[in-house]
Protein chains: 2
Amino acid sequence: MKTQEKDSRDIVPEPTVKRLPLYLHFLKKAKENGVLTISAPIIGQELEQDPTQVVKDLAYTGVKGRPRVGYNIYELIKGIEEFLGFNQVYDAFLVGAGNLGSALINYPEFRSFGFKIIAAFDISDDVVGTQRGDVNVLHFNVFKELASKLKVRIGILTTPAKVAQEVAEQMAKAGIRAIWNFTPVKLKLPEGVIVQNTSMYSNVAVLVMKLNNQLKKNKD
Amino acid sequence: MKTQEKDSRDIVPEPTVKRLPLYLHFLKKAKENGVLTISAPIIGQELEQDPTQVVKDLAYTGVKGRPRVGYNIYELIKGIEEFLGFNQVYDAFLVGAGNLGSALINYPEFRSFGFKIIAAFDISDDVVGTQRGDVNVLHFNVFKELASKLKVRIGILTTPAKVAQEVAEQMAKAGIRAIWNFTPVKLKLPEGVIVQNTSMYSNVAVLVMKLNNQLKKNKD
DNA sequence: TAGATTGTTAATCGATTAACAATC
DNA sequence: TAGATTGTTAATCGATTAACAATC
């Protein structure tokens with residue numbers, strides 16, 4: 001089973017998918033500054049990426065550039081957005097309305113990155129009934145009902161680690177298909193539920209290790 | 001210049017450095033449950049990693065295991081912590097005491113991951129003078145003085161994107177050697193300043209793309 | 001035209017996975 | 001002893017980088 005089908009749709013390397021939003025952010029800024037065309041070497045210089053890499057990444061989107069000139073910045077922005085699916089916006093539910101949850105709710109830029117948090121959930125009486133920006137914090141016991149009624153497919157998990165697995169299971173049962181997991185817990189869920197982990201720990205480790213190496217290096 | 005020296009100290013692959021904290025988190029939980037020895041296949045099964053990969057990663061730490069038995073869990077935890085430099089704790093300053101900043105301050109686990117946030121900075125009168133947990137929010141204009149007095153080497157950047165570059169430059173001038181950057185801005189800093197980016201956008205892109213692919217797949 | 005950049009194919013590099021001997 | 005797991009070397013895989021023809 002699971003015939004490991006090399007689907008023409010998922011041959012895009014994950015590193016490419018991760019770099020495209022960085023290009024997008026830069027391109028939007030450049031557009032605001034009145035730039036009309038832009039070349040891969042310029043993007044690469046700005047974002048410290050190999051120019052060939054940039055060309056290859058952009059090629060995946062299907063946008064065509066012109067030799068010696070570069071890419072039309074409007075086409076390129078539109079092309080990347082469409083390629084990444086950012087033109088259509090998913091509704092998302094967030095569970096765990098603590099500081100991190102509130103921070104994510106207040107990231108208005110997410111709306112231009114493919115989804116929008118339309119409600120938050122928690123179980124603490126202190127926060128249920130309050131608002132974060134224009135998002136209401138509801139009790140988690142209405143999550144399932146609302147999720148299926150509104151056909152919400154994306155869930156954001158910013159609860160304490162201890163309840164993460166339990167909450168994630170509830171999410172899956174309520175029809176959530178993709179979970180953005182900010183807890184350090186490795187979630188065990190039915191096949192087909194997509195989990196994207198954003199654990200702070202891995203990043204910390206890289207930072208601390210690099211710093212240690214550099215300080216050691218300077219000593220000798 | 002920059003003789004690309006293959007230093008024996010930084011031949012550790014970055015993927016390995018990123019996986020080790022995940023093992024560490026799992027091992028600590030297992031220890032709490034009374035586990036005394038643990039094997040690579042078990043760790044791998046739990047965290048969905050290839051067992052050979054786990055063995056290789058653990059080998060970097062220098063901890064020895066015993067065939068048929070596995071690793072002593074105390075030695076392993078201690079070994080990973082020492083290898084990653086988590087046994088000594090750096091002081092860190094955080095700039096931008098908004099929701100995200102507050103969330104990070106309230107992550108007490110960071111203390112066991114190599115650093116500790118000892119003060120927060122902002123420029124808004126609304127937050128300067130307040131507290132986040134037991135961390136005071138000070139005005140950014142005393143950052144430099146305090147950073148050099150206390151020899152703080154790690155800075156966490158959770159400001160709005162617009163001021164990120166400027167704040168980062170100030171950090172570098174104040175002697176900060178490593179910046180954990182949560183803004184989507186590509187920071188341009190003097191050579192030698194380590195930057196670790198944790199941009200939300202890349203993760204969003206991967207999640208949205210996977211979800212799109214799956215929904216498409218189910219349609220046909 | 002001259003030359004910079006795109007677009008694509010080939011070479012390199014590094015990480016993952018497989019194979020297997022050593023060993024408890 | 002038998003067999004599972006470590007530890008290490010070799011094979012594979014995939015991404016990055018280099019090379020180069022096409023082209024504006």
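Chain A is the first sequence line, chain B the second, and so forth, proteins listed ahead of strands; every chain is numbered from 1.
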Row check, A:Tyr90 ring normal vs B:Lys210 NZ/CZ: under 6.0 Å, within 45°: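 No, B:Lys210 does not sit over the ring of A:Tyr90.
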Carboxylate-amine/guanidinium proximity below 4.0 Å for A:Glu48 and B:Lys188: no
B:Glu82 atom CD, over 12 foreign heavy atoms within 6.0 Å: yes
Heavy atoms of other groups near A:Lys144 NZ, more than 12 under 6.0 Å: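 Result for NZ/A:Lys144: open.
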Among B:Lys28, B:Lys78, B:Lys31, the one residue meeting side chain to side chain contact (heavy atoms under 4.5 Å, CB included) with B:Ile73: B:Lys31
Give every pair of a protein N or O atom and an N or O atom of nucleotides 3-6 of chain D that lie under 3.5 Å apart, one pair per line with the distance.
from  : atom 1 : to      : atom 2 : distance (Å)
D:dT5 : O4'    : B:Arg68 : N      : 3.0
D:dT6 : OP1    : B:Ala40 : N      : 2.9
D:dT6 : O3'    : B:Gly65 : O      : 3.4

Side chain proximity check, B:Phe86 to B:Leu24, heavy atoms < 4.5 angstrom: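 With C-beta onward as the side chain, the pair touches.
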Rounded to whole angstrom units, what separation is found between the [atom1] atom of [X] and the [atom2] atom of [N]?
X: B:Asn72; N: C:dC24; atom1: CG; atom2: P; answer: 16 Å
X: B:Glu48; N: C:dT17; atom1: CD; atom2: C1'; answer: 17 Å
X: A:Gln53; N: C:dT8; atom1: CD; atom2: P; answer: 16 Å
X: B:Asp50; N: D:dT8; atom1: CG; atom2: C1'; answer: 15 Å
X: B:Asp57; N: C:dT16; atom1: CG; atom2: P; answer: 7 Å
X: A:Lys56; N: D:dC20; atom1: NZ; atom2: C1'; answer: 14 Å

For A:Ala174 against A:Ala147, the heavy-atom pair lying closest together: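 Looks like O-CB, 3.8 Å.
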Contact summary for A:Asp57 and A:Arg19, nearest pair of heavy atoms: OD2-NE, 2.7 Å
Polar contact flag, side-chain donor to acceptor under 3.5 angstrom, A:Ser199-A:Asn197: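 No, A:Asn197 and A:Ser199 have no side-chain donor paired with an acceptor closer than 3.5 Å.
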Parallel, tilted or perpendicular: ring planes of A:Phe115 versus A:Phe110, cut at 30 and 60 degrees: parallel
Canonical and wobble pairing (Watson-Crick, G-U, under 3.5 Å) of DNA chain C, dot-bracket with |: ..||||||||||||||||||||||
Nearest-0.5 Å distance, CG of residue A:Leu47 to NZ of residue B:Lys186: 7.0 Å
Any residue of residues 14-35 of chain B with a heavy atom less than 4.0 Å from an atom of DNA chain D: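 None - not one residue of the stretch has a heavy atom sitting under 4.0 Å from the strand.
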